[in-house]
Amino acid sequence: TQLLEQSPQFLSIQEGENLTVYCNSSSVFSSLQWYRQEPGEGPVLLVTVVTGGEVKKLKRLTFQFGDARKDSSLHITAAQPGDTGLYLCAGGADDYKLSFGAGTTVTVRA
Amino acid sequence: DTGVSQNPRHKITKRGQNVTFRCDPISEHNRLYWYRQTLGQGPEFLTYFQNEAQLEKSRLLSDRFSAERPKGSFSTLEIQRTEQGDSAMYLCASSLEISGRFTGELFFGEGSRLTVL
């Protein structure tokens with residue numbers, strides 16, 4: 001059972017468009033991570049958010065942590081084909097275990 | 001150090017055979033994790049080590065699975081009497097956890113894909 005629900009499951013957009021991916025949970029997390037995974041590779045950490053309401057920007061990517069620390073969003077501005085991948089959110093549990101959502105597969109068409 | 005290294009990258013085996021995967025973490029990292037990922041799902045926690053001690057095992061890790069980290073460096077994950085349901089990507093990750101605070105910032109290897117025929 002996934003503690004974290006991600007939506008949408010799939011997203012296909014044209015180069016230059018914007019997109020938002022959501023991560024929701026009924027649990028409160030002390031921190032939440034976003035990872036990106038390409039086919040046949042392991043996930044790569046993009047960002048960690050810790051404080052409720054926190055917003056972090058990484059070039060064209062904007063990450064937001066909900067005020068109650070139960071949800072998060074990832075917004076990509078002017079998407080490029082290089083942004084294609086599986087975006088995973090993850091939250092810490094039990095001080096050692098990272099629980100992942102099922103991911104959102106993003107495809108950016110040139 | 002170039003990151004977390006896993007081998008083999010791909011393994012095809014027949015049902016009932018044993019397989020072993022190896023993970024070499026980032027050298028200064030004290031924690032090592034094993035996750036399993038199936039198609040369309042996020043990684044699922046299997047087990048983790050703090051240095052050489054295996055501190056937690058998931059219910060997913062049946063008695064056919066065993067993991068070791070003998071000297072607190074590399075780790076092996078062995079699956080005995082493989083079943084078709086074991087087909088998955090097995091991911092290793094490492095992290096440096098200090099002062100007992102879990103950061104959730106894991107560095108993953110490229111994974112070992114297992115196909116059981």
Side-chain angles (χ1 to χ4, degrees), chain A residues 1-10 21-25 27-51 54 56 58 63 65 69 72 74 85-106, chain B residues 2-7 9-10 21 23 25-26 30-51 53-61 88-113 115:
Chain A
T1 303
Q2 301 278 9
L3 290 177
L4 293 156
E5 299 290 333
Q6 291 191 242
S7 62
Q9 187 176 358
F10 299 97
V21 172
Y22 300 94
C23 174
N24 295 288
S25 175
S27 302
V28 175
F29 292 100
S30 57
S31 68
L32 193 142
Q33 287 74 34
W34 284 93
Y35 288 79
R36 187 175 84 186
Q37 185 176 24
E38 299 190 14
E41 305 292 329
V44 176
L45 178 67
L46 295 175
V47 78
T48 296
V49 285
V50 177
T51 306
E54 180 177 6
K56 279 192 174 179
L58 188 66
F63 304 86
F65 202 12
R69 291 186 288 128
S72 181
L74 158 60
L86 176 66
Y87 288 83
L88 295 158
C89 67
D94 303 322
D95 290 327
Y96 62 85
K97 182 168 61 181
L98 206 56
S99 294
F100 285 84
T104 295
T105 299
V106 172
Chain B
T2 56
V4 178
S5 176
Q6 292 188 246
N7 66 82
R9 291 290 311 279
H10 303 275
F21 301 115
C23 172
I26 293 172
N30 54 358
R31 283 197 184 179
L32 186 147
Y33 303 80
W34 285 98
Y35 279 79
R36 183 173 71 185
Q37 186 176 25
T38 54
L39 199 61
Q41 298 296 318
E44 295 175 295
F45 172 83
L46 292 179
T47 189
Y48 93 106
F49 293 83
Q50 175 88 19
N51 300 312
Q54 186 176 18
L55 297 185
E56 185 66 25
K57 293 169 61 173
S58 163
R59 291 190 306 272
L60 295 174
L61 217 62
M89 173 80 89
Y90 289 86
L91 293 163
C92 175
S94 69
S95 68
L96 178 62
E97 304 294 342
I98 55 176
S99 69
R101 187 178 70 85
F102 180 54
T103 66
E105 297 178 347
L106 305 187
F107 294 81
F108 282 88
E110 294 175 318
S112 293
R113 180 165 295 285
T115 301

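Protein chains get the first letters and strands the later ones, always in sequence-line order, with residue 1 at the start of each.
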Is chain A contacted by the side chain of [X], its backbone, both, or neither, given a heavy-atom distance below 4.5 Å?
{"X": "B:Glu56", "answer": "side chain"}
{"X": "B:Gln50", "answer": "neither"}
{"X": "B:Phe107", "answer": "neither"}

Atom group of [X] that falls short of 4.5 Å from chain B, counting heavy atoms:
{"X": "A:Leu32", "answer": "neither"}
{"X": "A:Gln37", "answer": "side chain"}
{"X": "A:Glu41", "answer": "both"}

Closest contact, heavy atoms only, [X] versus [Y]:
{"X": "A:Leu98", "Y": "B:Gly104", "answer": "CD2-O, 3.4 Å"}
{"X": "A:Lys97", "Y": "B:Tyr35", "answer": "C-OH, 4.2 Å"}
{"X": "B:Pro43", "Y": "A:Leu88", "answer": "CD-CD1, 4.0 Å"}

Considering only heavy atoms and a distance below 4.5 Å, find which of A:Ser30, A:Pro43, A:Ser31 pairs most often with chain B.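 The residue among A:Ser30, A:Pro43, A:Ser31 with the greatest pair count is A:Pro43.
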Distance col, row B:Glu110:CD vs A:Glu38:CD, nearest 0.5 angstrom, shows 11.0 Å
Once rounded to the nearest 0.5 Å, what's the spacing between atom CZ of A:Phe100 and atom CG of B:Leu106? 6.0 Å
